[in-house]
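What follows is a short report on a single structure.
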Number of protein chains: 4
Amino acid sequence: MSPRTPQQFEEIRTRRIDQIKQTALRLFAERGYTNTSVSAIAREAGVSKGLMYNYFNSKEELLHAILEDALALNLELVTRLQSVSDPKDRLRQAIEAVFTHVQQHVDYWRLFISLAFQPAVSGIVQRVLDHMPQAVIDFAIEAFRQMGHVDPERDAWFFAAALDGMLMHYLQLGSRYPLAEMQRYLMVHFVDSTE
Amino acid sequence: MSPRTPQQFEEIRTRRIDQIKQTALRLFAERGYTNTSVSAIAREAGVSKGLMYNYFNSKEELLHAILEDALALNLELVTRLQSVSDPKDRLRQAIEAVFTHVQQHVDYWRLFISLAFQPAVSGIVQRVLDHMPQAVIDFAIEAFRQMGHVDPERDAWFFAAALDGMLMHYLQLGSRYPLAEMQRYLMVHFVDSTE
Amino acid sequence: MSPRTPQQFEEIRTRRIDQIKQTALRLFAERGYTNTSVSAIAREAGVSKGLMYNYFNSKEELLHAILEDALALNLELVTRLQSVSDPKDRLRQAIEAVFTHVQQHVDYWRLFISLAFQPAVSGIVQRVLDHMPQAVIDFAIEAFRQMGHVDPERDAWFFAAALDGMLMHYLQLGSRYPLAEMQRYLMVHFVDSTE
Amino acid sequence: MSPRTPQQFEEIRTRRIDQIKQTALRLFAERGYTNTSVSAIAREAGVSKGLMYNYFNSKEELLHAILEDALALNLELVTRLQSVSDPKDRLRQAIEAVFTHVQQHVDYWRLFISLAFQPAVSGIVQRVLDHMPQAVIDFAIEAFRQMGHVDPERDAWFFAAALDGMLMHYLQLGSRYPLAEMQRYLMVHFVDSTE
DNA sequence: TATGAATGAGAGTTCATTCAT
DNA sequence: TATGAATGAACTCTCATTCAT
């Protein structure tokens, strides 16, 4: 029997890594990072505890890998939006994208918030977490400036507060929250009503 | 050494309990509930672990007691506000009260959010946590209705989102967040601009 | 029931610490440091694993504490010998003391050698280990110089080699080794034969 | 690609085995047997863990093989020396050979000592270790007897002690130890001074 | 022959909780 | 009321060994 090819090994690795990351994300989001044991992740992912450590040097590195994935997704979104020249369109699409994203990746968002409010995790995680909120603010300031707002910074903070508040409420209440209606209202309020 | 009177005992009890709850609140807020050990609380509060278990049957009961205190404060606030008959005044005072409270008790608020997004802690805690947001919504709906809004429920949710978003941003960024300005803007937007 | 007095606690602590250190020393000497698990130490010492960590922050700190004890004993011996003015007497008493000591504390000596030849243990341990051999050499150089030797340094190294070689053989072979005879011969050779 | 001949296979085998043994010896000597992982040996030897287990059934068997090699070398030396009829010459050559060997194979010697003082490794290893010191003693007794010593056994033990002590010091101190000078002195003392 | 993914037992360590005093 | 010694379960992590390919 000839040994597996490097490609075969690579494929196995990739599949397992994804499997573990997905399971870990779900559990971290459900129970919090500290409350989730490595044993639980391994059990739910259907692998042995030992195998996890073949792919991730520590529980924290696993968390880091998950956050990096999310960050990459975010970056992609921002890049895509930057090519939209009309500021209203850009804002519209951004709202659309965020509301879609939060509904599709509830786990990511829950995890972010719980990490953001539990600073003991570690510096490396904190650094990843800090990237995101600032990006939203900067994005909004730029859009409102182009839209001719008198005080774009204040409006951006207000917009960000309303947006994040809605998302937070949705993450807390789930389907009981009128997300679609709030999205529509946000759109009306910050994009369409402005002239 | 005359034996202590019952009153003295009671006073000692109360003081000790407060000491423990304050220390625990601070540590829970700083490090997260799970990341805070009972030993650490006892050490920082200057009491023995054994004594802690005289007053609280478990770590979770200690958390519960802290949350109950917060709930009581909240209830008190709501009761006080309900005596204000003019809805605009009532809303104004509510905003005032919340912004003041969050600045004076950052620890409470940080703890709430971190618990809200780490549901595994336990049912009893969850039930306490659920009380509060709903109270805010109901309060706002009532005010907006009295103010003659067309869709008071939608406006209440929007108001709550903006408010909670601001508070969340403040808890994250601390003094770097323009809290006073946002409070003023919130006031203008949801109270004074409405006619 | 009144609580235990600080003295009572202190006594308990001291007794337990001694108990654990003695057991650990024996096992470390028998099996080597790395081969001895904390569980084994706890089991043989008749305490729980957890208790060990009340007294020592880590397995390595336990080792360190044991080595410090040995170092203190050594220092005491050196100090005592320095008050002997006649170099021959001093050398004689030193040999006497070392041979007695090695027979009474086989465990210490086995542990030292195994640690000295297993450098991975850690810097802090290494530093403690380095103290001792040099002390022997310096001691012998001084004595031989006072005894008028032509090349006291060379003689000191030779003496140290013979001495350490004997001790090593004794530690390896135990009662099968003619320790008393070798001690007598060492004495004759390095003290009495010289004039 | 013509299929490899059996000789080629055999050559590959031998080369691989040597490679693994050399790497293992180095790591065992540097870090100690217990502190060296099979993975580390495989990695540093540039082979897979699986292949290692093709050649050696266990980590301990690998150690055993290394020790057997050393034993064979030793035996060879003893055999070679036995053909020297003059006891002084024989002793001289033995000292020469040992000092040369220890300088060329520091790893072997460090490993031996660390194993000798960490007996828990296993019986089979212990048996191999016991062979060597006894061989030195027997060798010296025979030489001193032929040289007409009054108490050849005592002198042999003294000689062995001085020799092993020197080697131990050298292994500990490395180039800081005056090995050449001590070798010369040993020679003078135990061979040339005797008449 | 050769690979490295996979396992599971056991390592060191932490911590909520109990209890004798 | 008050102490902290003591426990044991659960934690994160390591590693010799196996095995499908």
Taken to the nearest whole Å, CZ/C:R31 to P/E:dG10 is 14 Å
Taken to the nearest whole Å, CG/B:L27 to P/E:dC15 is 13 Å
Residue pair A:V47/D:M52 against DNA chain E: nearer the 5' end by closest nucleotide is D:M52
Of all heavy-atom pairs linking D:T36 and D:G32, the shortest is OG1-O, 2.7 Å
CE (A:M52) and CD1 (A:I41) are apart, to the nearest 0.5 Å, by 5.5 Å
Residues passing the salt bridge (charged side-chain N to carboxylate O under 4.0 Å, His left out) test with C:K59, sequence neighbours excluded, are none
Review point. Quick one: are B:Y108 and B:I66 in side-chain contact, heavy atoms under 4.5 Å?
Key: yes
Rounded to whole Å, CD of A:Q7 lies from P of F:dT21 at a distance of 17 Å
Walking DNA chain F from its 5' end, the first of C:G46 and A:Q8 to be reached, judged by nearest nucleotide, is C:G46
- Message: Measuring to OP1 and OP2 of E:dA6, would you say a side-chain N or O of A:Y55 lies under 4.0 angstrom away?
- Response: yes
Interatomic distance, CD1@A:I12 vs CD1@A:I17, rounded to 0.5 Å, equals 11.5 Å
- Hey, does C:F56 reach any base, or is it just sugar-phosphate, or nothing, if we go heavy atoms under 4.0 Å? nothing
Rounded to whole Å, the CD1-C1' distance (A:I41 to F:dC13) equals 13 Å
So OH of C:Y33 and OG1 of D:T34: to nearest 0.5 Å the spacing works out to 12.5 Å
(Q) Checking side-chain polar atoms at under 3.5 Å, does C:E68 have a donor or acceptor matched by the opposite partner on C:H64? (A) yes
Stems in DNA chain E, runs of 3 or more consecutive Watson-Crick or G-U wobble pairs with both distances under 3.5 Å, sorted by first number, are E:2-21 with F:2-21
With sequence neighbours left out, the residues meeting salt bridge (charged side-chain N to carboxylate O under 4.0 Å, His left out) with B:R16 are none
Within residues 11-22 of chain A, those residues having any heavy atom closer than 4.0 Å to DNA chain F are none
When rounded to the nearest 0.5 Å, the distance separating CZ of B:F117 from CD1 of A:I113 is 4.0 Å
In 5'-to-3' order, the base (B), backbone-only (S) or no-contact (-) status of each nucleotide in nucleotides 15-20 of chain F, using a 4.0 angstrom heavy-atom cut-off, is BSBB-B
A:R43 atom CZ is separated from F:dT12 atom P, nearest whole Å, by 11 Å
Hits for salt bridge (charged side-chain N to carboxylate O under 4.0 Å, His left out) against D:D18, two or more places apart or cross-chain, chain-then-number order -> none
**Prompt:** Are any side-chain N or O atoms of B:Y55 and backbone N or O atoms of B:T14, one a donor and one an acceptor, separated by less than 3.5 Å?
**Reply:** no
